[in-house]
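Chain naming here is simple, since letters A, B, ... match the order of the sequence lines and numbering starts at 1 in each. Atom set for the values below is all heavy atoms of this structure, side chains included, hydrogens, waters and symmetry mates excluded.
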2 protein chains.
Amino acid sequence: MSKSTSRNTTIQDIAKELNVTAATVSRALNNHPRISEATRQAVAEVADRLNYTRNRVASSLRSGKTNVIGVIIPSAKINFFGSVVHGIETMANEKGYNVLIYQSNEDTEFEKKGIQAFLSARVDGILASIAKDTRDISHYLEARDKGVPIVFFDRTHDDTSIPYVVVDDFKGGYLATEHLINQGYKRIAHVSGQQHLKIFAERLRGYKAALKAHKLPFEKELVFAGNVSIESGKEAVKHFLGLPEPPDAIFAVEDFTALGVIKELKENKIKIPEQFGVVGFANEEFDEHITPALTSVDQQTVMMGKEAFNLIMDMINKKVVRNVDNKKVILEPLLQPRASSQR
Amino acid sequence: MSKSTSRNTTIQDIAKELNVTAATVSRALNNHPRISEATRQAVAEVADRLNYTRNRVASSLRSGKTNVIGVIIPSAKINFFGSVVHGIETMANEKGYNVLIYQSNEDTEFEKKGIQAFLSARVDGILASIAKDTRDISHYLEARDKGVPIVFFDRTHDDTSIPYVVVDDFKGGYLATEHLINQGYKRIAHVSGQQHLKIFAERLRGYKAALKAHKLPFEKELVFAGNVSIESGKEAVKHFLGLPEPPDAIFAVEDFTALGVIKELKENKIKIPEQFGVVGFANEEFDEHITPALTSVDQQTVMMGKEAFNLIMDMINKKVVRNVDNKKVILEPLLQPRASSQR
DNA sequence: GTGAAAGCGCTAACAA
DNA sequence: TTGTTAGCGCTTTCAC
């Protein structure tokens, strides 16, 4: 491979060509209000001819602004986060920001390293979805205390001083359950997720509320404590079918659990949706490809990314880092009715 | 939200505390070979106490190296690319690099903007998967001529001056077809993708080669020209079943096409894998969740990201931008046998 | 509307 | 082993 050559053109080079100073060139390039149209055009012409590319490193150093946003996600391999990043990056492009990515691998230590890397890079703001087992968020708070605004998305924290964007899990659970009720199912069960995670607890709460609103009794034995896996969906069905009065529908806390539910019901030759209704949560890609297609609750991932970006932009522009006016965005979950629950 | 405060600690601050110069502090922090262990430790201690974070913007400006890699992908929402980014980012973390993301949205104009943004940011290298309809890659070549090394992955280009990482599509097609032959299927058909895209043409070539190697005749009517969609899989089956001598197995150019094939076969009450074998390509997440689970060819996406990163690191370290020694990485495709083809 | 001068924070060449 | 000096390329007062 051959050596690289050439030195980049600077505003000095342009200045010399036009017999003006670098300051003037800088102003012209940045559309400073008090610059003559003539010089602006002359500068643009020469810049173009010399193939000038602004050195953002230098301008960042001088101005104290990098126009870079750092994003911490558990993993880029997870669909959900790829989708959110898509939303973030789309907005960033529009606003002239660059996006740095860092993966925590669900590990608090990596999270710390990521924040450190972002602080070194002097990012203008940080968007983060915290690792599953991160309880102590002091590393985030330290970054904030150094003046870097932070916004959480999806995986948030009780600390209210940090703005966040989430989907309304309570409402999602409510909608899913109500949908089953409206479809005429009479005994609706729930396969839950780990209750120490707020999102799962909220979905259960939504389930209960929907039952109550429709004057259906809440029965403890119709809630199976799962762990967000295909396996727990299967086990739940085994458990439910053993009950003296089994349910005729299940709202599963997320789609993989729902998948397990469907697999086990089919194993038992139970017809979906005729004899049994199933609803999941997350609107995973496979939902529409399995048989029967799975009704689910969409979490508006792309919108989540866009809203998170808007929040951080707001903080950057207002030069604030603490969420004193208690900003947050709660997105509406969207029910996606498919074959598994419609009869 | 409250105002931010404080100014960041600099090496000057540390220098003052210790009555040394900034240069010494810099050397100590960078583990310069000729620095005394005593000062190194003293510096480390004070840096820690003053909560120092190195300003990479400043060091980048001075050293001409940013330790940032730019990555251009069509969309972060697409699984495949999320997975590759995972590989890239994992390696980058390890090597102390940061990763900038830019989405082209399959649009050459966005691609140009992304490259421009990366040039401005003075990234040390660019990894890119080119947009589908990008034929002219002069924008990439210009960046390279400005001294920025470039590596393509997956979506490559005939221009041999740019190193690339791809999976061996020919071999993938060969393996998929051979697998069906080994499972005892006698008449194996193929649903192809757009032949102007090299990856799809290669898979067809692999299909033909496997037939030949096993002394099976290649029959034109057993290749259906699809367009990479569920629909084209369905249409292909309709076509094939209308033949005087229909096939008993299909190698589909990718998984969504295979999904359509399966759907249509089930529609026709044809038993998979007993009466009919199906193999796809890409190893999509849904493969193992549909019924029957779909045999597919894995493209080693994470490895692709890692290898791409290694290639660019190599170029950066050797300070070369042209691929004169014709570097490339061809990854081995991995057959993932599942229910749809095993009898 | 433009120029002059200073400096963001760091590193690297040259001295000592 | 450490200090001195200079400067990366840009923006931003303060002049005029």
Could you state the atom-to-atom distance from [atom1] of [X] to [atom2] of [N] in whole Å?
X	N	atom1	atom2	value
A:R7	D:dC8	CZ	P	9 Å
A:R34	C:dG3	CZ	P	15 Å
B:R54	C:dC8	CZ	P	19 Å
B:I35	D:dG3	CD1	C1'	11 Å
A:R56	D:dC8	CZ	C1'	18 Å
A:R62	D:dG7	CZ	P	18 Å
B:I14	C:dT11	CD1	P	11 Å
A:I11	C:dT2	CD1	P	15 Å

Inset, instruction - Please determine, for the side chain of B:S59, which listed nucleotide (D:dT11, D:dG9, C:dC10) has the closest atom? - result: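 Nearest to the side chain of B:S59 among the choices is C:dC10.
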
Legend entry - Nucleotide of C:dT11, C:dC10, D:dC10 approaching A:Q12 most closely (side-chain heavy atoms):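 Closest of the options to the side chain of A:Q12: D:dC10.
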
Legend entry - Between A:F152 and A:Y140, ring centroids under 6.0 Å: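 Centroid distance A:F152-A:Y140: below 6.0 Å, so yes.
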
For [N], does OP1 or OP2 lie under 4.0 Å from any side-chain N or O of [X]?
X	N	value
B:T39	D:dT2	yes
A:Y52	D:dG9	no
A:S36	C:dT2	yes

Inset, instruction - For DNA chain C, determine which residues of residues 15-32 of chain A have any heavy atom closer than 4.0 angstrom to one of its atoms, and list them numerically. - result: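 Heavy-atom cutoff 4.0 Å gives A:N19, A:V20, A:T21, A:A23, A:T24, A:R27.
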
Inset, instruction - Could you tell me which non-hydrogen atom of A:N55 sits nearest to which non-hydrogen atom of B:R122, and how far apart they are? - result: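 Nearest heavy atoms, A:N55 then B:R122: CB-NH2, 3.6 Å.
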
Inset, instruction - Let me know, please, whether B:P33 or B:A58 comes out on the 5' side of the other along DNA chain D by nearest nucleotide. - result: B:P33

Legend entry - Pi-cation contact, A:F110 with A:K113 (under 6.0 Å, within 45°):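 Because its charged atom sits under 6.0 Å from the ring centre and within 45° of the axis, A:K113 does stack over A:F110.
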
Inset, instruction - Please indicate whether B:K95 has more than 12 foreign heavy atoms, meaning atoms of other residues, nucleotides or ligands, lying under 6.0 Å from its NZ. - result: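 At most 12 heavy atoms, drawn from other residues, nucleotides or ligands, come within 6.0 Å of this atom.
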
Legend entry - Neighbour count >12 (heavy atoms, 6.0 Å) for atom CZ, A:R135: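 Check passes, neighbour count above 12.
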
Inset, instruction - Using distance alone, with no hydrogens and no angle criterion, decide if B:R54 and B:N8 have a side-chain donor and acceptor under 3.5 Å apart. - result: no

Inset, instruction - Name the nucleic acid region contacted by A:L61, choosing base, sugar-phosphate or nothing; use a 4.0 angstrom heavy-atom cut-off, strictly under. - result: base

Inset, instruction - Flag the pair A:F153 / A:V84 as yes when at least one side-chain heavy-atom distance between them is below 4.5 Å, and no otherwise. - result: yes

